[in-house]
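Values below: all heavy atoms of this structure, side chains included; hydrogens, waters and symmetry mates excluded. The chains referred to below are lettered A, B, ... by the order of the sequence lines, with proteins before strands, and numbering in each begins at 1.
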Number of protein chains: 2
Amino acid sequence: MSRTALTREEVLEAADDLVKQHGPDALTMRGLAARLGTAVTSIYWHVGNRESLLDALVERTVEEMGAIQPTGRTPATRIVSVARRLRGELHARPHLIAVVHERGLTERVFLPAQRALVREVHSAGLRGARAAEAVRAVQFQVVGFVLVECARELAPAQATGRERPGKTVSARKDPALARALARPVDPERLFTASVRALVKSLLAQGNN
Amino acid sequence: MSRTALTREEVLEAADDLVKQHGPDALTMRGLAARLGTAVTSIYWHVGNRESLLDALVERTVEEMGAIQPTGRTPATRIVSVARRLRGELHARPHLIAVVHERGLTERVFLPAQRALVREVHSAGLRGARAAEAVRAVQFQVVGFVLVECARELAPAQATGRERPGKTVSARKDPALARALARPVDPERLFTASVRALVKSLLAQGNN
DNA sequence: ACCTGAACACCGTTCAAGT
DNA sequence: ACCTGAACACCGTTCAAGT
């Protein structure tokens, strides 16, 4: 008993550090205890078990992210700004989104942007079920994109395999297309283009 | 030595069964050995280790899925049909996509649809880098959506937390919107609507 | 070439016991 | 209320030894 009393907050903080630096797999109860200088079993008293510790970590981080404020003049650009901001926040915490995925907490991660999206969609003239669908389409689009992005980064040496897609239309009729597909993706660019395209269509539905 | 010679194919088959039924976490080398009636270490001789076993599983399944043929008359509907088919194939194998995600093999799962998407985007009049971007936007959209979908199913009891989004614009100005957001998502419907919206915009860029 | 058991270095979790 | 060590039931992987 050489250390000051252990607190739940202290445990979460140390766990967060561990996950931030080396990913969720590096978070072991024993390793955490060692870092804190306590017995493994003390941790259980404060946070229950590993699963609820991870849940608490997600909750902590999402709260820390807070709500997202749109910028821009038209509803479309404002929605795109929210999407980009949300992607930025999530992307800055790649390990968190790994946890979010494995613990099935995607819903939670939708929320920081929800308020803002609802407001913008509404002011773009969408109402009722159609507005809700637009909000959700954007939420799924953003979170889905980030999930794919992080999964790709996890294994950067993608062995594309022998199943080269080319030689059909691309290589013969449109070499520029083939070249573009052979180049690595620019995620930020692709993201913005995708969201812009999606939002444009969604908002256009209001003017029918 | 009471059993017939162990083969790599036999190992993969048993592993596939295990993953299909109880998910990747249920695939342990020891459990697999027990099911096959061999020593754990025999498996290592045939497949290397657990990681490459999982990789082989993904490869096997994606090959089994094969290429995807579009249906419909216009490029837009044909692309949407490809997207829906790809989602269907992936969604029918929720455990596979869990593996895909944790092993970072998203790229691989893009391929079955790539050929078809390239052809349709091309016949819709898109060329070069712009066409490639459209193909990728759809690929990311589909795979991202399925990832989110599967993560949500993993934890169906989503504790939304106290951070209810309502009461801002929705509840007061547009109760129908609030109600729609409170209802659970219909993923198939949302998926189709999202892809349709995205594709519409992407193809419209060709006619500028 | 293929299979084996034993051993190593890990896990998360429980539980009775301490203060 | 909080902390502890010991123990249980697992993991993946390696390795020397067998046939």
* To do: Evaluate the side chain to side chain contact (heavy atoms under 4.5 Å, CB included) criterion for residues A:Leu86 and A:Met65: first the C-alpha distance (whole Å), next the side-chain angles of each, then the deciding distance (0.1 Å), finally the verdict.
  => CA-CA 9 Å; A:Leu86 180 55; A:Met65 281 175 38; 4.1 Å; yes

* Within the structure shown, what part of the strands sits under 4.0 Å from A:Leu27 by heavy-atom distance: base, sugar-phosphate, or nothing? -> sugar-phosphate

* Asked: Can you tell which of C:dG12, C:dT13, C:dG5 lies closest to the side chain of B:Ala39?
  -> C:dG5

* Asked: Listed in order of residue number, which residues of residues 42-51 of chain A have a non-hydrogen atom at under 4.0 Å from DNA chain D?
  -> A:Ser42, A:Trp45, A:His46

* Please state whether the phosphate of C:dT4, meaning OP1 or OP2, lies under 4.0 angstrom from any side-chain nitrogen or oxygen of B:Thr41. => no

* Structure fact -> Rounded to whole Å, CD of A:Glu9 lies from C1' of D:dC2 at a distance of 18 Å

* Aromatic ring pairing B:Phe145/B:Phe191, orientation class (parallel under 30°, perpendicular over 60°, tilted between) -> perpendicular

* Structure fact -> To the nearest angstrom, the CG-P distance between B:Leu54 and D:dG12 comes to 10 Å

* **Lys/Arg-Asp/Glu bridge criterion (N-O < 4.0 Å) met for A:Arg8, A:Glu13** => no

* Would you give the length of the straight line joining atom NE2 of A:His122 to atom NZ of B:Lys173, rounded to the nearest 0.5 angstrom? => 5.5 Å

* Under a 3.5 Å cut-off on both pairing distances, which runs of 3 or more consecutive Watson-Crick or G-U pairs involve DNA chain D? -> C:4-8 with D:12-16, C:12-16 with D:4-8

* Do B:Ser52 and B:Asp55 have a side chain donor and acceptor closer than 3.5 Å? -> no

* Could you go step by step and tell me if B:Val62 and B:Leu111 meet the side chain to side chain contact (heavy atoms under 4.5 Å, CB included) rule? -> CA-CA 9 Å; B:Val62 176; B:Leu111 287 184; 6.0 Å; no

* To do: Would you kindly give the CZ-to-P distance between B:Arg30 and C:dT4, to the nearest whole Å?
  => 15 Å

* **Earlier contact from the 5' end, DNA chain D, for A:Thr38 and B:Val40** => A:Thr38

* Mind calculating the distance between CG (B:Asp25) and P (D:dG12) to the nearest angstrom? => 10 Å

* To do: Report the distance from atom CG of A:Leu105 to atom CD of A:Glu59, rounding to the nearest 0.5 Å.
  => 8.5 Å

* Spacing between B:Arg8 atom CZ and C:dA1 atom P, to the nearest angstrom -> 16 Å

* Structure fact -> Per atom distances to the A:Ala5 side chain, the nearest of D:dC3, D:dT4, D:dT13 is D:dC3

* Asked: Does the distance from a Lys or Arg side-chain N to an Asp or Glu carboxylate O, for A:Glu89 and A:Arg85, drop under 4.0 Å?
  -> no

* Find the distance B:Met29:CE to C:dT4:P and express it as a whole number of Å. => 14 Å

* **Backbone of A:Arg115 reached by a side-chain donor or acceptor of A:Arg119 within 3.5 Å** => no

* Between D:dA9 and C:dA9, how far apart are the P atoms? Round to whole Å, please. => 22 Å

